[in-house]
Number of protein chains: 2
Amino acid sequence: MTSRPLLPMADQPPAERADAARNREALLRAAVRMVDEGGVATLTMECLAARAGVGKGTVFRRFGSREGLMAQVLDVSERDWQASVLAGPAPLGPGAPPWERLVAFGESRLRTTLLHADLIRAADAHGARSVAAASFMTLHVRHLLTELGVQGDLPLLATALLAPLEVPVLVQQVDVEHLPVERLVAAWVDLASRVVGRGPA
Amino acid sequence: MTSRPLLPMADQPPAERADAARNREALLRAAVRMVDEGGVATLTMECLAARAGVGKGTVFRRFGSREGLMAQVLDVSERDWQASVLAGPAPLGPGAPPWERLVAFGESRLRTTLLHADLIRAADAHGARSVAAASFMTLHVRHLLTELGVQGDLPLLATALLAPLEVPVLVQQVDVEHLPVERLVAAWVDLASRVVGRGPA
DNA sequence: AATGTAAACGGACCACGGTCCGTTTAGTCG
DNA sequence: CGACTAAACGGACCGTGGTCCGTTTACATT
């Protein structure tokens with residue numbers, strides 16, 4: 001028997017090999033570039049591989065699927081946004097009263113979603129939302145609802161508040177029905193105030 | 001110049017040729033069969049063509065895309081459902097007071113969506129909801145809200161009520177989080193009662 | 001019946017996502 | 001430093017959705 005790693009450390013799956021890490025980084029960088037140069041649609045897996053100077057198999061080995069890749073690309077911007085919710089300036093970040101934070105959250109999320117609509121869709125593709133992003137938002141809204149003293153099935157109420165901010169809904173309203181974003185924001189705030197059971201400061 | 005059709009009738013685009021109509025029907029029948037025998041995933045365009053005894057090009061000529069085909073397949077069941085909302089027995093159909101109808105609508109739609117989740121997704125695919133189905137529901141909810149004397153941006157309020165009944169949301173809750181359907185129904189009714197501003201009979 | 005034409009047909013063809021597997025290489029151990 | 005192994009690599013290959021275009025066919029007009 002060969003000896004297992006001398007430092008158990010934890011039993012993290014053995015860690016990534018240096019060349020693998022380099023390739024992942026190169027691919028991700030290339031992907032980001034392609035996306036914001038030509039849009040999501042122009043990024044094909046084969047072409048990305050070529051650009052990054054690796055074989056197609058490598059792309060799939062690193063990211064599993066186009067969807068997985070897109071999720072990583074999205075993560076870059078999404079992480080910033082989450083940070084500003086968690087620790088940015090009020091009213092989106094902490095410091096403001098919960099109702100103001102909720103309103104700020106809704107508007108900010110609505111605009112962000114619209115901005116990255118294509119990417120979010122590509123990262124979602126088959127319909128299984130990236131657990132990470134969704135659960136972050138659910139938790140946050142749930143937390144604010146708690147602070148507001150809302151009674152009821154909080155997890156599901158949070159989901160209900162988040163649902164109208166999903167890509168398909170917003171895209172339909174903005175791109176097909178040509179509703180102005182301000183109206184959507186106002187309607188969402190109205191919805192939130194009904195759910196909370198009283199709103200305006 | 002050749003003479004145009006002798007009976008103008010209306011200027012409907014010349015109407016479908018007999019062979020075309022036959023093929024459309026054969027294809028649709030075959031598609032329905034394949035879907036409820038093997039599930040949505042087993043239906044490939046080429047295979048469908050073969051089954052119906054036509055060329056692949058014909059399938060695309062008739063339905064435009066896989067998505068378009070699926071929309072037609074879905075339409076078969078969806079039409080029945082719409083009929084029962086419009087003219088079926090109360091409380092889903094007319095006759096019951098608006099609040100009871102709204103509750104019945106929510107529960108019925110929730111269960112129906114879950115039942116046809118795959119098909120709805122396949123018919124939606126790129127994310128552009130079939131205008132027909134969506135606008136039917138929006139109109140209906142809007143109508144009920146009006147009857148209930150709800151004030152505000154009705155079209156958007158209706159959308160907000162419909163959003164948590166969308167496939168991705170429900171599938172996430174049921175298949176990933178394993179929440180029981182009854183709880184989803186209860187939460188939706190709660191949401192509706194908040195939006196309406198008082199609910200229980 | 002013969003003719004003309006717009007529509008329908010079919011299947012070869014293309015692009016893209018995803019898989020497979022034989023080959024190469026990083027990192028480790030003696 | 002040489003040997004060994006698990007991991008990474010790359011590109012040929014496959015299935016599927018979708019397009020294209022030369023050929024066939026329904027129907028109307030004479």
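All heavy atoms count here, side chains included; hydrogens, waters and symmetry mates do not.
- Summarising the geometry, the separation between CG on B:D19 and P on D:dT23 is reported as 19 Å, rounded to the nearest angstrom.
- As rounded to whole Å, 14 Å separates atom C1' of D:dA7 from atom CZ of A:R22.
- Between B:E46 and B:V54, the one whose closest nucleotide on DNA chain C sits nearer the 5' end is B:V54.
- Distance B:R61 CZ to D:dT25 P: 15 Å, rounded to the nearest Å.
- For the pair A:F60 CZ and C:dC21 P, the computed distance is 17 Å after rounding to whole Å.
- A donor-acceptor pair shorter than 3.5 Å can be found between the side chains of A:R109 and A:T113.
- Across all their heavy atoms, A:F105 and A:L162 have their closest contact at CE2-CD1, 3.7 Å.
- One can place CE of B:M45 at 20 Å from P of C:dA15, the figure rounded to the nearest angstrom.
- Judged by distance alone, with hydrogens and angles left aside, A:R17 brings no side-chain donor or acceptor close enough to the base of D:dA8 to form a pair under 3.5 Å.
- Projected onto DNA chain D by closest heavy-atom contact, B:A18 and B:T44 fall at different nucleotides, the more 5' of which corresponds to B:T44.
- One interatomic measurement links the two molecules: CZ of A:R66 to P of C:dC16, which rounds to 10 Å at whole-angstrom precision.
- The NZ atom of B:K56 sits 11 Å away from the P atom of C:dA12 (whole-angstrom rounding).
- Residue A:T58 places none of its side-chain N or O atoms closer than 4.0 Å to OP1 or OP2 of D:dA8.
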Test A:E182 against A:R111 for salt bridge (Lys or Arg N to Asp or Glu O under 4.0 Å), laying out the working first. CA-CA 10 Å; A:E182 291 71 30; A:R111 300 197 125 100; 3.5 Å; yes
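- One atom, CG of B:L48, and another, C1' of D:dG15, lie 16 Å apart when rounded to the nearest Å.
- Residue-environment remark: CD (A:Q151) stays at or below the threshold of 12 foreign heavy atoms within 6.0 Å.
- The side chain of A:S65 lies closest to C:dG18, out of C:dG27, D:dC27, C:dG18.
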